[in-house]
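Quick note on labels: first sequence line is chain A, next is B, and so on, each numbered from 1. These values consider heavy atoms only, across backbone and side chains, with no hydrogens, waters or symmetry-generated copies.
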Amino acid sequence: DAMVIQNPRYQVTQFGKPVTLSCSQTLNHNVMYWYQQKSSQAPKLLFHYYDKDFNNEADTPDNFQSRRPNTSFCFLDIRSPGLGDAAMYLCATSPMTGGYEQYFGPGTRLTVT
Amino acid sequence: AQSVAQPEDQVNVAEGNPLTVKCTYSVSGNPYLFWYVQYPNRGLQFLLKYITGDNLVKGSYGFEAEFNKSQTSFHLKKPSALVSDSALYFCAVSGNTGGFKTIFGAGTRLFVKA
């Protein structure tokens, strides 16, 4: 089945130690998103890509970076994680037609110690 | 600016009874409206969408939603709730001129009691 895959599902890192979260998709969607979600709140958009065209939200901290080497893969890099960055990180994709509904991966829960 | 409001933090309903989860929106132009469901420790799952056409939209798992332009609402409904419907529900909106960015509501937790 076509899907969005996130690895790892759970990630523990130390304060200040860089970490990379990965996302892959078999849906062949042009648009990919990274969200941060805390405590069952609304997902907060960090970035999105239309193909390789990168769009950064104005309030996304510089500590967060992203890469999309090809259509299928997207990475979220947190350069110096702080305790406040502990959250669920969600990757999503959407097609270019039909209203841009999003298909989410299962998420990566990040713990910062 | 686009916005979406879910006025209820939690909705409680007995199994077998109809359920409604409320959503109102504000957007320039014609809206694209969505409902998503989230189960514990999982990503969001797309339920249904309204783009144009019939105001009553049917989606997954027996859910439907009614678009009301005059009231700027897009309430989620199901005729007969199941215990397994208990989850967190998000309403979302994007404008048809707003590109790919989607605004999510704060979420409503649905609790269905057996």
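- A/R79 has no carboxylate O lying under 4.0 Å from a charged side-chain N of A/D62, or vice versa, which leaves the two without a salt bridge.
- Taking the six-membered ring where tryptophan is involved, the planes of A/F64 and A/Y89 are tilted, since the angle between them lies from 30° to 60°.
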Stepwise disulfide (SG to SG under 2.5 Å) test for B/C23 and B/C91: CA-CA 6 Å; B/C23 173; B/C91 181; 1.9 Å; yes
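- Heavy atoms closer than 4.5 Å to chain A are found nowhere in B/Y50, neither backbone nor side chain.
- Contact tally against chain A (heavy-atom pairs below 4.5 Å) for B/R109, B/K49, B/R42, B/Q6: the top residue is B/K49.
- Contact of B/L88 with chain A is made through the side chain alone, with heavy-atom distances under 4.5 Å.
- The pair B/K77-B/E66 counts as a salt bridge, with a side-chain nitrogen and a carboxylate oxygen less than 4.0 angstrom apart.
- Within the 4.5 angstrom heavy-atom criterion, only side-chain atoms of A/E57, from C-beta onward, approach chain B.
- Most heavy-atom pairs under 4.5 Å with chain B, from the set A/C91, A/A92, A/P106, A/G107: that is A/P106.
- Between A/F104 and A/Y35, a ring centre-to-centre spacing shorter than 6.0 Å is recorded.
- Heavy atoms of B/Q38 lying under 4.5 Å from chain A belong exclusively to its side chain.
- Proximity of B/F63 to B/Y89: side-chain heavy atoms (C-beta onward) are separated by under 4.5 Å at one or more points.
- If you measure heavy-atom distances from A/Q102 to chain B, the contacts under 4.5 Å come from both the backbone and the side chain.
- Among A/S94, A/P43, A/G105, the residue with the largest count of heavy-atom pairs under 4.5 Å with chain B is A/P43.
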